[in-house]
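Convention: sequence-line order gives letters A, B, ...; per-chain numbering from 1.
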Amino acid sequence: MAFWKPGTIAPGTSLDRETEKETNEALVTFVDRGTSLSIQQQRKRLPIYKSRDQILYLIEKYQTTIIVGHTGCGKTTQIPQYLNEAGWAANGYVVACTQPRRVAATTVADRVATEMNVKLGEEVGYSIRFEECYSPTKTRIKYMTDGMLFRETFTDPLLTQYSVIMIDEAHERSLYTDVLLGILKKILKKRPELRIIVSSATLDAEAFYEYFNTNTTNDSEKDNASIISLEGKMFPVDIHYSKTPCSDYVEASIQTVFDIHVQQPFGDILVFLTGRDEIDFAVGEISERATTLPRSAMKILPLPIYAGLQLEQQLQIFEPAPYNTRKVIVATNIAEASITLEGIVYVIDCGFVKLRAHNPKTGMESLVVTPISKASAQQRAGRAGRVGTGKTYRLYTEDSFYKLNDASIPEIQRSNLAQVVLHLKALGIDNVLRFDFLTPPPAELMIRSLELLYSLKALDDHGRLTMPLGMQLAEFPVDPMLGKILLDSYKFQCGEEMLSIAAMLSVQDVFIIPSNSEIDVDEEKRKFTVEEGDHITLLNVFNAFITRGKKSARWCHEHCLNFRTLSRALSIRQHLKKYLDRFEVPIESCGNDTVKIRKCLISGYFSQAAKMMPDGSFRTVRDNVILYVHPSSVLFTRNASWVIFHEVVETTKAFMRDLTVIDPSWLAELAPHFYEFKKSEK
DNA sequence: GAGCACTGC
């Protein structure tokens with residue numbers, strides 16, 4: 001076991017995820033055993049090696065194999081190599097392994113290339129958005145995000161180049177994982193030689209098995225799916241429950257931090273809370289109360305981590321703490337799977353998470369603090385058992401733990417499904433309501449999406465994809481409403497502007513949230529602000545970044561802009577432009593003609609229009625739903641009688657985000673079909 | 001008149 005010496009950089013510490021950790025752990029083991037062992041000998045010492053032959057046998061025999069394995073068993077790095085060694089990647093075939101996150105795909109590929117002693121991008125490669133690193137002829141093992149494999153079904157609906165497809169981390173049930181599982185189940189019928197591996201942490205394994213095993217007879221010889229469990233390497237974690245339910249979990253978590261600090265031996269603490277507000281408050285309180293600790297006591301260093309933080313602040317959590325200081329990392333769910341921290345011995349779990357929900361009746365998204373699932377609670381607890389025996393303090397009673405759902409509601413059951421529906425239609429799956437999902441989304445979600453797509457003219461009266469509009473929207477890697485404004489932009493000579501706006505709408509957190517109040521973000525924001533609203537303000541920010549800002553991090557910092565976010569917007573813009581070029585949509589610039597830009601926005605967002613009431617609130621034109629301007633909008637402090645909006649987020653109220661002022665007559669001019677359609681409905 | 005869980009193409 002590797003010991004970490006205070007004052008040195010902890011081994012394997014990085015902004016990474018579970019599977020990367022898996023490789024790091026393997027790496028640490030190798031180093032410990034000395035340099036005398038070859039990589040091949042080292043691979044044989046991994047726990048999974050004992051199951052190698054059995055895994056290969058099951059894959060040979062069954063079309064689908066469900067692999068249940070904890071972190072650290074080596075499944076992600078080893079199974080594709082076993083398959084390659086067994087000849088599954090011969091004759092030009094490729095073994096694919098999907099990951100829900102980008103970093104995982106790249107780092108695992110890198111590790112496997114090292115183990116195989118090949119150059120990354122040749123025999124072993126990866127494919128993520130904006131970054132393809134593989135050879136169409138040489139690559140045998142390809143790691144990729146699940147979203148990328150999903151995309152590949154457009155060009156090759158039967159995924160014919162792959163002999164085996166491993167869907168890793170399937171228990172996370174990402175939107176793309178679920179859609180892929182459905183598509184793969186269909187492909188299996190047409191390609192009996194194809195093999196699927198579904199790898200999952202624990203609880204859902206049986207559900208995957210039931211889904212893929214289509215044998216309805218009692219004869220198990222006819223099964224076409226099987227399950228295998230692998231042993232992992234985790235240290236035991238003691239679980240402590242609250243004796244009574246707590247009314248204020250933020251306060252309870254702060255208390256628990258100090259209880260641990262005073263009573264328990266050295267070791268860092270990880271606290272799970274639900275959002276930025278709670279985290280900032282807790283970090284502040286811990287700092288303050290720490291001043292009352294006796295001078296002789298060990299010091300305490302609280303640090304926040306959530307996605308909205310700037311990179312430099314995020315990296316602070318990986319810095320070793322000063323001598324005689326205990327780190328307390330206060331995190332959102334980002335620390336549950338996306339980021340792995342070394343040195344955590346104690347976990348405090350508040351039992352809640354903030355989740356997005358989608359209301360199909362209103363089309364509104366909401367962010368709601370929800371109780372976590374048992375699977376989540378176990379995952380959080382496991383974070384304490386990485387370096388040695390750990391302890392987890394659950395701020396809820398044992399009774400309430402047993403009442404939690406086994407797993408959280410899959411993303412596909414609480415998302416806007418317009419893109420999924422379009423994609424399935426593009427694959428020739430006409431009756432999407434009957435599509436065999438692992439867990440079908442509610443019918444209302446599907447119907448709402450179908451209505452939207454019909455109003456955008458992506459579907460015809462028979463629910464079939466229109467040509468070329470529907471097919472192009474299906475291929476476009478953006479929300480269909482956004483896709484529509486891009487495809488229509490030539491009519492308003494504003495393709496250049498729309499590409500920038502669409503890219504900016506695809507990213508979040510453009511403006512920085514400063515940790516201190518020295519810099520006035522609002523003041524900086526005003527420099528870009530225009531009275532027409534947020535879309536054109538975003539366009540100004542993007543243009544300034546490219547021209548005056550020369551794409552520099554320093555310029556961004558001076559103007560309270562998030563450099564990472566803007567760079568990402570630039571990549572997305574280039575990506576979207578490639579699609580417009582391929583669709584042969586002429587791209588012009590309208591200069592400063594904001595009327596053209598705003599009219600173009602209406603061509604996609606006509607259904608999301610709202611009118612101001614005398615009290616300052618808004619009513620949607622479509623359903624007369626009450627909405628408010630989000631405080632992040634430049635229109636929050638201004639008056640506008642008619643607006644269109646990008647999205648609605650329901651927190652304390654239903655807020656519209658990203659608004660643009662319009663003239664109501666444009667609605668009738670640009671979307672007569674929709675407003676007449678609404679009238680006839682009434 | 002006051003707010004931003006996390007991914008991904």
field: Parallel, tilted or perpendicular: rings of A/His423 and A/Phe150 (30°, 60°)
entry: parallel
- prompt: What's the CG-P distance between A/Leu355 and B/dT7, to the nearest Å?
  reply: 14 Å
message: For B/dC4, does the O4'-C1'-N9-C4 or O4'-C1'-N1-C2 angle fall within 90° of 0, making it syn, or is it anti?
response: syn
query: Where the side chain of A/Gln508 is concerned, which of B/dC9, B/dC4, B/dT7 is the nearest nucleotide?
result: B/dT7
field: Touch class at under 4.0 angstrom, heavy-atom based, for A/Ser632 against every strand present
entry: base
Exceeds 12 heavy-atom contacts within 6.0 angstrom, atom NZ of A/Lys186: no
task: Sequence neighbours left out, what passes side-chain hydrogen bond (donor to acceptor under 3.5 Å, both in side chains) with A/Tyr126? Give chain and number order.
output: A/Glu131
- prompt: Expressed in angstrom and rounded to an integer, what is the separation of A/Arg102 atom CZ from B/dG8 atom P?
  reply: 7 Å
- line: Walking DNA chain B from its 5' end, the first of A/Tyr579 and A/Phe655 to be reached, judged by nearest nucleotide, is A/Phe655
message: Quick check on A/Asp248: does its CG atom have over 12 non-hydrogen neighbours (other residues, nucleotides or ligands) under 6.0 Å away?
response: yes
Plane angle bin for A/Tyr396 and A/Phe401 - parallel if under 30°, tilted between 30 and 60°, otherwise perpendicular: parallel
message: It should be established whether A/Thr332 places a side-chain nitrogen or oxygen under 4.0 Å from OP1 or OP2 of nucleotide B/dC6.
response: yes
message: Does B/dG3 have OP1 or OP2 under 4.0 Å away from a side-chain N or O of A/Arg657?
response: no
Short side-chain N/O contact from A/Lys653 to OP1 or OP2 of B/dG3, under 4.0 Å: no
- request: Return the nearest nucleotide to the side chain of A/Tyr176; candidates are B/dG8, B/dA5, B/dT7.
  value: B/dG8
query: With sugar-phosphate meaning primed atoms plus P, OP1 and OP2, does A/Ile334 contact a base, only sugar-phosphate, or nothing at under 4.0 Å between heavy atoms?
result: sugar-phosphate
- prompt: With sugar-phosphate meaning primed atoms plus P, OP1 and OP2, does A/Thr637 contact a base, only sugar-phosphate, or nothing at under 4.0 Å between heavy atoms?
  reply: base
Rounded distance in Å - CG (A/Leu576) to C1' (B/dG8): 14 Å
message: Need one value for A/Phe636: base, sugar-phosphate or nothing, where a base atom within 4.0 Å counts as base even if backbone is also close, heavy atoms only.
response: base
task: Scan A/Ile572 against the nucleic acid and name what it touches under 4.0 Å (heavy atoms): base, sugar-phosphate only, or nothing.
output: nothing
Whole-Å gap separating P (B/dG8) and CZ (A/Arg568): 7 Å
message: Before you tell me yes or no, could you show the steps for A/Tyr162 and A/Leu149 under side chain to side chain contact (heavy atoms under 4.5 Å, CB included), namely the whole-Å CA-CA distance, both residues' side-chain angles and the distance that decides it to 0.1 Å?
response: CA-CA 11 Å; A/Tyr162 302 107; A/Leu149 186 62; 3.8 Å; yes
query: In whole Å, what is the span from the CZ atom of A/Phe618 to the P atom of B/dG1?
result: 14 Å
- request: Measure from CG on A/Asp178 to C1' on B/dG8 and round the result to the nearest Å.
  value: 14 Å
task: Rounded to the nearest angstrom, tell me the gap between atom CG in A/Asp658 and atom P in B/dC4.
output: 14 Å
- line: Of the listed B/dG8, B/dC6, B/dC4, the closest approach to the A/His630 side chain comes from B/dC4
- request: Kindly point out which of B/dA2, B/dC9, B/dA5 is positioned nearest to the side chain of A/Pro631?
  value: B/dA2
Length of the line joining A/Arg573:CZ and B/dC9:P, which is rounded to integer Å: 20 Å
